[in-house]
Amino acid sequence: MNKRVMSAMNTQINREFYAAYLYLAISAYYETLSLKGFASWMREQAKEEQTHAMKLYDFVFSRGGTVTLLPIEQPEANFNSVLEAFEAALDHEKKVTAWIHEIATIIEEEKDYASRTLIQWFVDEQIEEEETVSDICERLKMIGEHKPALFMFDKELATRQTEPVQE
Ligand code: FEO
């Protein structure tokens with residue numbers, strides 16, 4: 001396997017696990033507010049991030065590469081509002097998008113055609129991830145301090161289930 005691509009993918013495995021850790025920290029914050037739907041949504045998101053990490057993990061092995069697991073940083077855990085915690089998720093998704101694009105650039109530079117399909121899956125996935133999280137942030141801005149609307153939204157978010165990752 002191309003060494004530069006392998007190294008970039010190993011770094012991304014760590015970032016996806018960090019995302020899972022961050023979303024679990026946000027879920028724990030929502031638990032403290034008794035917002036079970038928000039907590040459950042973030043917990044599902046944490047699971048999805050683990051599937052992203054494992055998709056890269058499996059790919060590195062399928063190409064005969066070596067997986068190197070790096071230390072996972074402690075995530076932010078103190079948030080001042082429901083919106084602020086969701087905005088932390090949106091900020092992170094934007095960073096992930098930029099990192100995925102960097103990896104796509106490395107793949108192009110190295111002419112690693114075998115990795116193109118996988119990275120394109122992540123490029124497409126990031127469009128969806130950013131859109132979903134951004135929409136929730138916008139709805140939270142509209143809800144503002146209106147508690148009944150917030151509790152209705154909490155119920156709606158409780159219905160989310162992890163979507164199976166497409167191959
Ligand atoms: Fe795996 Fe939400 O980026």
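Counting convention: from 1, in listed order, for ligands and their atoms alike. By convention here, the first residue in the shown sequence is residue 1.
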ring-ring contact (aromatic ring centres under 6.0 Å, His included) between Tyr21 and Phe17, worked out
CA-CA 6 Å; Tyr21 226 34; Phe17 277 123; 9.4 Å; no

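Looking at Ser134, its side chain never comes within 3.5 Å of a backbone N or O of Glu131 through a donor-acceptor pair. Formation of a donor-acceptor pair under 3.5 Å by the Tyr29 side chain with backbone atoms of Ala39 is not found in this model.
Residue contacts to atom 2 (Fe) of ligand 1: Glu49 brings an N, O or S atom closer than 2.8 Å. For a distance bound of 2.8 Å, the N, O or S atoms of Glu93 include one lying that close to atom 2 (Fe) of ligand 1.
Within a 6.0 Å sphere centred on CE of Met54, heavy atoms belonging to other residues, nucleotides or ligands number more than 12.
Glu16 contributes OE1 as its N, O or S atom closest to atom 1 (Fe) of ligand 1. When you scan the N, O or S atoms of Glu129 for the one nearest atom 2 (Fe) of ligand 1, you land on OE1. Looking at His52 and atom 1 (Fe) of ligand 1 together, the shortest N, O or S contact belongs to ND1.
The structure places CH2 of Trp41 at 11.5 Å from OG1 of Thr159, a figure rounded to the nearest 0.5 Å.
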